[in-house]
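Scroll down for the structure; my scribbles are underneath it.
Position 1 is the first residue of the sequence; numbering continues from there. Here the structure is a predicted model, which means the values were calculated and not measured. Whatever order the structure lists ligands and atoms in, that order sets their numbers, starting from 1.
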Amino acid sequence: MCGIVGHIGEGNSAEILIEGLKRLEYRGYDSSGIAVLEGGSLSVDKATGKLANLTAITDHKKYSANIGIGHTRWATHGGVTHANAHPHMASDKAVVVHNGIVENYKELRAELQAQGHEFASDTDTEVIAHLAIELAKTINDETALLKAIIARLDGSYAFALLMTDFPDCLLVARNASPLAIGIGEGAYFVASDAMAMSSQTQRVIYLKDNDYAIVRKNEALIYDKGDQCANREEVIVSANPGLVSKGGYRHFMEKEIHEQPDAIAHTLSAMTDEAGTLTACLSEDELKNMTGLVMLAAGTSHYAGLVGRYWIEKLSGVPVTVEVASEYRYRAPVTSHLSHAIAISQSGESLDTLMALRHAQDEGLKSIALVNVDHSTIARESDFILPTRAGPEIGVASTKAFTAQLTVLLSLAIALGRAKGVISAEEAKERHEELQKLPSLVGKCLSLFEPLRPIAHELSKARSCLFLGRDSLFPIALEGALKLKELSYIHAEGFAAGEMKHGPIALIEDGLPVISLLGADALSQKVISNLKEAQARGAKIILLAADDVADEVDFASDVCRLPNCSEYLMPFILTVPAQILAYLTASEKGTDVDQPRNLAKSVTVE
Ligand code: M6R
């Protein structure tokens, strides 16, 4: 989380930094700021809250600097205050922006305070600026200074440091948090991701862990952790997408919900080879070599993995475990029965997922990145990439990336089942044909905004609610609950419908909304019994159901009918109304749909 940006060379730094921050706001929106060096002096402007609060200040100022750094914050250490907003300055001579956590900041702060340094914030970051000032008393070479600074830091960081003593360069370094250098015409850039620089350049160098660099207007000298000059490959990232607009919708989330038919269709075509066979981007040999999978992910991506497990085990017989990345990375997992680890991540940058993947790689597993961002860290560090083609997802709540992830996982299940001979080529073809109908089925669900509006109106008054599903709809219940809680701040939990009687049923009281996901499948009668048990205890059943079974729940208070489809498509079809319900409920409550409180789109801290 947090986004950093820097510029040196041709162009107006302040304007370039603000433009970069607009593209980085998805990484945090607690506060933002820029620092520029003009006429030998550093000046800092910052504001709490959305970037608009910063631009309200910067729009009225004249800047002419050609070197500067900027930051958008997701608070970790220290509250959301002006003082804690980056950039952080020390002695009017050093200013820093940072993404990550300096784990030994307390010791460093105490040490620096003992040396006379006065701190202005509660952040871990500020120590970097003071450390730079302290070390610069005895080190007058910028490269040696940067090396000395990072030698003192524990934890994760990507930072950019600007000092009056070295007015013609930015001192940057990365460890665990992402950092890229952009090469422009007479200018260099640094940023947390390539998108932040995309209006300036498509030529990008991704720093590796423990790299550090001195960036000037016409060169970037990069060093590896052994202090050797490192020749990092320059890559061309796809053309400047421009600042993604809402395209006439009220919110990015609403737009992204509507983009799902296209996202699924594009992803499906990426999963299909030139002959029209669903291969999931893997060779026949690689598929045959898959003997066991572990999926590593967080949040919504984790729920995609849980759905994928039902499909892959059923269609291919390959055992699958699905792990919360932040737990997996510190476990001693047994991997002897596994061949591949799949990291599922929209951003490809979630630190927990990246670290879990590295852990699995260390255990000898081959790595697969299921990501929406081709040049992301997880993609770059994996043996194979299974791309989702959802396009930029701006809303913090994941929508189209999730259904695109499901598309990849169902494609993989079918391809794997065929390669393993568990399903015949005919069945694989049939499943593929079924999948090709998905964009239009999902398209039909987009007409549910109006029917769901009165339900959302009622739901917005609830303090708590439950989501129930079974089989591959159980993870959709988890996802539905996550969407509702992150957007509307209503307490919501998802349960496997059959698990209710083992405890959660005690939560049911008169009028508790229970959002019930029901497909026309082998378990539908069992789910209906579970719903009856909840209703008998006072629950208000809000039914999202396939048309064929909807009438069987004649005790539901509200019914949302969905197109009938095969059990494999049902998780997609039930996801859409769950997203819409969360969106409409949040809109009723007037919460910030695209940037809910306390969240960030890309979580690059532990
Ligand atoms: O970029 P990732 O898929 O790795 O992100 C994982 C989670 O942080 C993310 O899915 C999060 O749960 C979203 N807010 C869900 O809407």
Look at the side chain of His71 and the backbone N and O of Ala85, then say whether any donor-acceptor pair between them is shorter than 3.5 Å. no
Answer with side chain, backbone, both or neither: which part of Lys483 has a heavy atom less than 4.0 angstrom from an atom of ligand 1? side chain
Using distance alone, decide if ligand 1 has a nitrogen or oxygen within less than 3.5 Å of any nitrogen or oxygen in Ser347. yes
Considering only heavy atoms of Ser350, which atoms of ligand 1 have at least one such atom less than 4.0 Å away? 1 (O), 2 (P), 4 (O), 5 (O), 6 (C)
Heavy atoms only: which of Val371, Val396, Leu296, Val373 is nearest to atom 13 (C) of ligand 1? Val396
Got Ile385 and Cys281 here, is their nearest side-chain heavy-atom distance under 4.5 Å? no
For Ser31, does its backbone N or O pair with a side-chain atom of Trp74 as donor and acceptor, under 3.5 Å? no
Residue pair Leu468 / Ala477: nearest heavy atoms and the distance that separates them: C-CB, 3.8 Å
For ligand 1 and Ser398, I'd like to know whether there is a polar contact (N/O to N/O, distance under 3.5 Å). yes
Among Thr300, Thr388, Leu482, Asn372, closest by heavy atom to atom 10 (O) of ligand 1 is Thr300
Heavy-atom distance under 4.5 Å between the side chains of Val102 and Phe159, does that happen here? no
Please confirm whether Ala298 comes under 4.0 Å of ligand 1, counting heavy atoms of the residue only. yes
Dump the intermediate steps for side-chain contact (heavy atoms from CB on, under 4.5 Å) on Tyr583 and Val593, then the final yes or no. CA-CA 7 Å; Tyr583 172 78; Val593 172; 3.6 Å; yes
One finds that the ligand 1 atoms under 4.0 Å from a non-hydrogen atom of Ala397 are 16 (O)
Glu233/Arg380 salt bridge by N-O under 4.0 Å criterion: no
Considering only non-hydrogen protein atoms, determine which one is nearest to atom 8 (O) of ligand 1 and report residue, atom name and distance to 0.1 Å. Val603 CG2, 4.0 Å
Per-atom filter on ligand 1: closer than 4.0 angstrom to a heavy atom of Glu486 are 13 (C), 14 (N), 15 (C), 16 (O)
Please set out all donor-acceptor pairs under 3.5 angstrom arising from side-chain atoms of residues 401-415, sequence neighbours excluded.
from, atom 1, to, atom 2, distance (Å)
Thr403, OG1, Gln260, OE1, 2.7
Thr403, OG1, Lys400, O, 3.3
Gln405, NE2, Ser301, OG, 3.0
Thr407, OG1, Thr403, O, 2.7
Ser411, OG, Thr407, O, 2.7

Would His302 count as a contact of ligand 1 if the rule is a heavy atom under 4.0 Å away? no
Of the non-hydrogen atoms in Thr48 and Thr81, which two are nearest, and what is the gap between them? CG2-C, 3.3 Å
Short list, please: which atoms of ligand 1 are under 4.0 Å from a heavy atom of Ser345? 1 (O), 2 (P), 3 (O), 4 (O)
Among Gly299, Ala297, Ala304, Ala325, whose heavy atom sits nearest atom 12 (O) of ligand 1? Gly299
With only distance considered, is Ser301 within less than 3.5 Å of ligand 1 through an N or O on each side? yes
